[in-house]
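Quick note: numbers below take in every heavy atom, side chains included, and nothing from hydrogens, waters or symmetry partners.
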Amino acid sequence: MALSRRTLLGLAAAVPVSAALAACGGSSGPGKGGAATYWYLQGQPQEGARAGAVDAFNKANPDTQIEDTAYQNDAYKTKIKTAIGAGQAPTIIWGWGGGTLRTYAEAGQVEDLTAWFDENPDVKKGLFPSSFGAATVDGKIYAMPCETVQPIVLYYNKRVFDQVKVDPPETWDDLMALVPKFKAKGIAPISLGGQSRWTNMMWLEFLFDRIGGPAVFQAAIEGEKNAWSHPDAIKALTALQDLVKAGGFVKGFSSITADSNADQALLYTDRAAMMLHGAWSYGIQQADGGDFVPSGSLGFMTFPAVEGGKGDLSDTVGNPAQYLSISSKASAEEKKVAKDFFATGVLQEEEVKRWIGNGSVPIRLGTEKLLAAADNAEFLQFTYDIASKAKVFVQSWDQALSPTAAETLLDNIVKLFQLSVSPQQFASNLNAVTAA
């Protein structure tokens, strides 16, 4: 499922992307003639910012090139894991940090960058301090934080809320009460690209926090016995299934993919009222939704409180940043190119402006004036405030857990949404793979 963006741009418009993907072989890890290789996620508008940073670096460094290849989200996760295991990783490994990075670090598959950051203190000082947690394993830094802070946001369509004459939910009970009101008007209460699995996970992440506070998932991360069976975890799992049973999610959600942005389209075409998604969704809505964002029809808010819950409303979940690691199997020349890119190619002025233009908050410090002057200032300030004021910023579960545990998690979340496992069965299955 590899698709070089240069290949994609050169394809005839009549060729479906799926056919083009099938025709393209995956690129191997090592670059040609000593060039560093770099794989990352495709999909606009984010891909444009990533590609632009590489182009700018290549232009400024004609003798040390980076060859970049883009992949769809789910395909990338499989491809990168296989390539690293086979010793065929790209020089620069794009990722989410956390449990997956820990697995790579413990296996000696990625470079320890601690000394490099010590030698380049200005690089570290220029980034959100909170971005380094998921880059750090046992006190050592194994990844360069990059790109943007991406809390998960509850989006809503103001047009359909006005049409049905209802207000955005302040509590979980409010949200549940909205479900029959939207259904009565033929509008899906909530859009969901459930086939992609990680999209379902965002609902559980917030319910766990709002009901039990951050300690419940933290216990699972730390391998506490029966952590997933905590009474607050069972309450959260039950609340989620209550929403499914009430018909809260769009019909056929388990066959809708997030990679195709079909879930996004349901919101901006007025076929769904709400959608829980990452901060990156704003840029997609802006790029694809016609007058939806310019007309002020896209609403956004933090996840509502659960009455009687222990979670703080300022707590958030999502991605504190994205992360770039260097393959330990790369040549000395390739590693040098990668480090030069980290120092002079990542989050430079043009890339920062592009992220802001996409409705994203870069993790570079000192961008407040740029954010305030942007067309998307209201959303950018909202995102910046979430990230900077959160008492707890829980990393996306499938990144915080080990890859093996994450796969079990995602499989069981699908079953939970399809009502084919009970909350207790879900908890038991997860306890089996996370207990120390």
Classify the ring geometry between Y76 and Y71 as parallel (under 30°), tilted (30 to 60°) or perpendicular (over 60°).
tilted
Let's go through D340 and N61 carefully: what are the C-alpha distance in whole Å and the side-chain angles of both, what is the deciding distance for side-chain hydrogen bond (donor to acceptor under 3.5 Å, both in side chains) to 0.1 Å, and is it a yes or a no?
CA-CA 10 Å; D340 288 347; N61 300 274; over 6 Å; no
Any L178 side-chain heavy atom under 4.5 Å of M274 side chain
yes
Give the C-alpha distance, both sets of side-chain angles, the deciding distance and a yes or no for ring-ring contact (aromatic ring centres under 6.0 Å, His included) between Y155 and Y268.
CA-CA 10 Å; Y155 296 93; Y268 64 70; over 10 Å; no
Minimum heavy-atom distance A273-V160, with the two atoms named:
CA-CG2, 3.7 Å
For the residue pair F208 and V317, establish whether any side-chain heavy-atom pair is separated by less than 4.5 Å.
no
How are the rings of W203 and W172 set to each other: parallel, tilted or perpendicular (split at 30° and 60°)?
perpendicular
Assess the side chains of W94 and E147: does a donor N or O sit below 3.5 Å from an acceptor N or O?
yes
Taking T404's backbone N and O only, do any of them form a donor-acceptor pair with E407's side chain (distance below 3.5 Å, no angle check)?
no
What are the two closest heavy atoms between A338 and T91, and how far apart are they?
CB-CG2, 4.2 Å
Among residues two or more places apart or on two chains, list those pairs meeting salt bridge (charged side-chain N to carboxylate O under 4.0 Å, His left out) that have a residue in residues 111-129.
E111-K335
Are the side chain of E224 and the backbone N or O of E222 linked by a donor-acceptor pair below 3.5 Å?
no
Scanning both residues in full, the closest heavy-atom pair of L154 with P169 reads CD2-CG, 4.3 Å
Are any of the side-chain heavy atoms of L101 and S325 separated by less than 4.5 Å?
yes
Applying side chain to side chain contact (heavy atoms under 4.5 Å, CB included) to N200 and not counting sequence neighbours gives L192, I413, F417
I'd like to know if the side chain of R210 and the backbone of F303 have a donor-acceptor N/O pair within less than 3.5 Å.
yes
What I want to check is whether the side chains of S396 and D398 have a donor and an acceptor closer together than 3.5 Å.
no
Is it true that atom CD of E349 has more than 12 heavy atoms of other residues, nucleotides or ligands lying nearer than 6.0 Å?
no
What do you reckon, is CD of E378 surrounded by more than 12 foreign heavy atoms closer than 6.0 Å?
no
One should read off an interatomic distance between K339 NZ and L113 CG, to the nearest 0.5 angstrom, of 6.5 Å
Just checking K336: does its NZ atom have more than 12 heavy atoms from other residues, nucleotides or ligands closer to it than 6.0 angstrom?
no
From R197 atom CZ to M201 atom CE, the distance as rounded to the nearest 0.5 Å
10.0 Å
List the steps, then state whether side chain to side chain contact (heavy atoms under 4.5 Å, CB included) holds for C146 with Y323.
CA-CA 6 Å; C146 64; Y323 297 92; 5.7 Å; no
Step-by-step side-chain hydrogen bond (donor to acceptor under 3.5 Å, both in side chains) determination, S327 to Q109:
CA-CA 6 Å; S327 169; Q109 292 163 329; over 6 Å; no
Quick one, Q218 with V394, criterion side chain to side chain contact (heavy atoms under 4.5 Å, CB included). Give me CA distance, side-chain angles, the key distance, then yes/no.
CA-CA 9 Å; Q218 190 59 34; V394 176; over 6 Å; no
For a ring-ring contact (aromatic ring centres under 6.0 Å, His included) check, start with the C-alpha distance between F300 and Y156, then their side-chain angles and the critical distance, and finish with the verdict.
CA-CA 6 Å; F300 40 86; Y156 61 97; 7.9 Å; no
Run the side chain to side chain contact (heavy atoms under 4.5 Å, CB included) check on E67 and Y38 step by step: do they pass?
CA-CA 6 Å; E67 295 172 5; Y38 175 22; over 6 Å; no
State, yes or no, whether a side-chain contact exists between L276 and I152 at a heavy-atom distance under 4.5 Å.
yes
Hits for ring-ring contact (aromatic ring centres under 6.0 Å, His included) against W198, two or more places apart or cross-chain, chain-then-number order -> H277
Answer whether the closest heavy-atom distance between the side chains of S281 and V153 falls below 4.5 Å.
no
Do side-chain atoms of Q286 reach the backbone of G357 as a donor and acceptor pair under 3.5 angstrom?
yes
From Q65 CD over to T37 OG1, what is the distance, rounded to the nearest 0.5 angstrom?
13.0 Å
Plane angle bin for F379 and F382 - parallel if under 30°, tilted between 30 and 60°, otherwise perpendicular
tilted
For the side chain of Q150 and the backbone of S360, is there at least one donor-acceptor N/O pair under 3.5 Å apart?
no
Quick one: pull up OG1 in T408 and CG in N429 and give me the separation to the nearest 0.5 Å.
8.0 Å
Run the side chain to side chain contact (heavy atoms under 4.5 Å, CB included) test on F249 and V244 for me, step by step, so that the C-alpha distance in whole Å, both residues' side-chain angles and the decisive distance to 0.1 Å come before the verdict.
CA-CA 6 Å; F249 298 102; V244 175; 3.8 Å; yes
Where do F206 and D315 come nearest, in terms of heavy atoms and distance?
CE2-O, 3.9 Å
NZ/NE/NH1/NH2 to OD/OE distance under 4.0 Å, D209 and K310:
no
Can you tell me how far OG1 of T136 sits from CD1 of I141, rounded to the nearest 0.5 angstrom?
5.0 Å
Any salt bridge linking D68 with R50? Criterion: basic side-chain nitrogen under 4.0 Å from a carboxylate oxygen.
no
What's the verdict on salt bridge (charged side-chain N to carboxylate O under 4.0 Å, His left out) for D138 and R102, showing C-alpha distance, side-chain angles and the deciding distance?
CA-CA 9 Å; D138 297 334; R102 170 175 286 277; 3.3 Å; yes
How many angstroms lie between NZ in K79 and CD1 in I84, if you round to the nearest 0.5 Å?
12.0 Å
Output field: ring centroids F182/F161 closer than 6.0 Å:
yes
What are the two closest heavy atoms between D263 and G193, and how far apart are they?
CB-N, 3.6 Å
Say whether Q195 and S254, considering side chains only, have a donor N or O and an acceptor N or O under 3.5 Å apart.
no
Any sub-3.5 Å donor-acceptor pair from R159's side-chain atoms to S297's backbone N or O?
no
Can you say whether the rings of W228 and F217 are parallel (under 30°), tilted (30 to 60°) or perpendicular (over 60°)?
perpendicular
Do you know the tightest heavy-atom contact between I93 and A89?
CD1-CB, 4.2 Å
Verify, without hydrogens or angle tests, whether T103 (side chain) and G99 (backbone) share a donor-acceptor contact under 3.5 angstrom.
yes
Kindly indicate whether the side chain of F341, heavy atoms from C-beta on, has any atom under 4.5 Å from the side chain of M144.
no
Quick check: does any side chain N or O of N431 sit under 3.5 Å from a backbone N or O of A427, one acting as donor and the other as acceptor?
yes
So does S196 get a backbone contact from the side chain of T257, meaning a donor-acceptor N/O pair under 3.5 Å?
no
Can you confirm whether E170 is buried at CD, in the sense that more than 12 heavy atoms of other residues, nucleotides or ligands lie under 6.0 Å from that atom?
no
When you measure from the side chain of S295 to the backbone N and O of F292, does any donor-acceptor pair fall under 3.5 Å?
yes
